[in-house]
Amino acid sequence: MTDTSATETETHPSAEAERVVREFTELYHDLRDQTLGRTRWFGISIVKTPMDLVALQEIVAETRPELIVETGVFAGGSALFLASLLGPLGIDGKVIAVDVDLSAVPPHIAKNPRIELWEGGSTDPEIVARLTREAEGRRVMVDLDADHRAEHVSEELRLLAPLVTPGCYLVVEDTWLGGRPVRPDEAPGPAGALEEWLARGQPFEVDRWRERLLLTGNPGGYLRRVDEAGGTPGGPPRLDDFVVPSGRVSSDGSGAPARSTGDDDQSRRYAHEAEFDRLRAVNRELKDELRERERELRDRERTIDELRAGGGSSGRALGAARQTVRSGARRVLEKRRGRARDDDAQR
C-alpha cells in the first residue's frame with residue numbers, strides 16, 4: 001500500500017498555511033499605520049485589505065446587485081469603491097451608505113449620482129424602514145461595517161440580513177477581531193455575533209471560496225443567501241478543495257470552521273499580548289502626564305525668577321517659596337516615575 005501522507009501534506013499544507021497566513025495577517029494589522037491606514041481608492045481612505053477588495057469586486061460582478069447597502073461610512077472610500085464597479089459592469093444600481101457621522105466624507109462623494117449618504121444609526125427603525133422600501137423589487141447586497149460590538153452586529157443581522165436577495169451576498173466585515181486572529185481584547189465582536197446568529201438557523205451559507213486569496217479581515221464573513229431556485233455562484237470554476245486561513249476546505253463546504261482555534265500556547269500568547277498592550281497604554285499616559293508636570297514646573301520657576309528679580313526681603317521670601325514648590329513638584333514627579341518603572345518591569 002502506497003503511503004500518500006507526504007504527498008497529501010505537500011499538496012495541501014493546511015497547518016503550515018494557517019501558521020504563515022495568521023502571522024502575516026497579524027503583521028498586516030499591527031502595521032496598520034502603513035497598511036490599512038494608508039490604503040486609498042481614488043485618493044479616499046478605504047480601510048480594507050487588497051484581497052478583500054478583490055473579493056468584493058468578484059461578488060458584485062458575479063451577482064450584479066442593483067442596490068448595495070453599506071453600514072459604516074468613515075471617509076466614504078468603500079462606498080466610492082462599490083459605486084465605481086456598477087457603471088463599468090453595466091449595472092443600473094446605487095449604493096446607500098449609512099452612518100451616524102458623515103462629517104469625514106468629501107463633498108464630491110456626496111455628489112456621486114450612484115451614492116446616497118444617509119445619516120443615522122443602521123438599526124434605527126426609520127432607517128430600516130426606508131431601506132426596506134428601497135430594496136423592494138431590486139437585487140440587494142448588504143455590507144455590515146459599522147459599530148463592531150457584538151450586540152450591535154447582532155441587531156444589524158436581525159434587521160438587515162432579510163433585505164439580501166437569494167443568490168446575493170451578506171458581508172460581515174472585520175470578523176478577524178476578537179483574536180481571530182487580531183485584537184483578542186475585542187471578543188466576541190462581529191464573529192461572535194455572526195456565529196450565534198447562524199446557529200439559530202439562517203437561509204445563508206458561508207462562502208469560504210471568497211477567502212482563497214488568504215489575507216482577509218472577514219474570515220467566515222462572506223455569506224451567500226441560499227437560492228431556492230437552484231442558482232449557483234458565478235465566476236470561474238472552483239477547486240474541489242482548497243486552503244484558506246483556518247485550514248483545508250472541500251467543495252461541499254466541509255472543513256475547518258471560520259474561527260481559528262489555535263492551541264493553548266497560542267491562546268496564552270494572545271492574552272499576554274493584550275495585557276502588554278494595556279500596560280504600554282498606561283505607560284504612555286504616565287509619560288504624557290510627566291511631561292505636562294515638567295512643563296508646569298518650568299513655567300512656575302520662570303514666574304518666580306521674574307518676581308525674585310525685584311530683590312530685597314520679598315525676594316528672599318519668594319526664593320523660599322520657590323524651593324518649596326520645587327520640592328513638592330519633584331516628589332510628584334518621582335512618584336509618577338516610580339509607577340512608570342513598575343509598569344515597565346511588569347512588561
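Please read all numbers here as calculations on a predicted model, not as lab measurements. Just the heavy atoms: all of them, side chains too, but no hydrogens, waters or symmetry mates, feed the values below.
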Between [X] and [Y], a side-chain donor and acceptor under 3.5 Å:
X: T35; Y: H29; result: no
X: S78; Y: W41; result: no
X: T71; Y: E156; result: yes

Could you state the interatomic distance from [atom1] ([X]) to [atom2] ([Y]), rounded to the nearest 0.5 Å?
X: Y28; Y: L36; atom1: OH; atom2: CG; answer: 5.0 Å
X: I96; Y: E116; atom1: CD1; atom2: CD; answer: 5.0 Å
X: E134; Y: L67; atom1: CD; atom2: CG; answer: 6.5 Å
X: L56; Y: E173; atom1: CG; atom2: CD; answer: 6.0 Å
X: R32; Y: T39; atom1: CZ; atom2: OG1; answer: 13.0 Å
X: C168; Y: E62; atom1: SG; atom2: CD; answer: 11.5 Å

Indicate the atoms forming the closest heavy-atom contact of [X] with [Y], along with that distance.
X: R225; Y: P162; answer: NH1-O, 3.2 Å
X: I44; Y: A75; answer: CG2-O, 3.4 Å
X: V140; Y: P65; answer: C-CB, 4.5 Å
X: Y222; Y: N218; answer: OH-ND2, 3.2 Å
X: L80; Y: F42; answer: CD2-CB, 4.0 Å
X: I91; Y: R114; answer: O-NH1, 3.1 Å

Any side-chain heavy-atom pair of [X] and [Y] under 4.5 Å:
X: V60; Y: I68; value: yes
X: V69; Y: M141; value: no
X: L215; Y: F24; value: yes
X: E119; Y: V100; value: no
X: E58; Y: V54; value: yes
X: I127; Y: L131; value: yes
X: H152; Y: T123; value: yes
X: R183; Y: W176; value: no

Look at the side chain of [X] and the backbone N and O of [Y], then say whether any donor-acceptor pair between them is shorter than 3.5 Å.
X: T49; Y: T216; answer: no
X: R139; Y: T63; answer: yes
X: R212; Y: V244; answer: no
X: H148; Y: A146; answer: yes
X: D227; Y: G167; answer: no

Exercise. Could R130 and W118 be counted as a cation-pi pair, given that NZ or CZ must be under 6.0 Å from the ring centre and within 45° of the axis?
Worked result: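 Flagged: R130 positioned over aromatic ring of W118.
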I'd like to know if [X] and [Y] make a salt bridge, using a cut-off of under 4.0 Å between side-chain N and carboxylate O.
X: E301; Y: R298; result: no
X: D52; Y: R210; result: no
X: R224; Y: E205; result: yes
X: D147; Y: R149; result: yes

Exercise. CG of D92: more than 12 outside heavy atoms within 6.0 angstrom?
Worked result: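 Open: at most 12 neighbouring heavy atoms sit under 6.0 Å from CG of D92.
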For this session: Please check if atom CZ in F204 has more than 12 non-hydrogen atoms from other residues, nucleotides or ligands closer than 6.0 Å.
Result: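 Buried by this count: over 12 neighbours within 6.0 Å.
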For this session: Take L194 and L223 through the test side-chain contact (heavy atoms from CB on, under 4.5 Å) and record every step on the way to the result.
Result: CA-CA 10 Å; L194 179 58; L223 298 99; 4.0 Å; yes
Exercise. Which residue, V142, D143, D207, V164, forms the side-chain contact (heavy atoms from CB on, under 4.5 Å) with V171?
Worked result: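 Exactly one pass, corresponding to D143.
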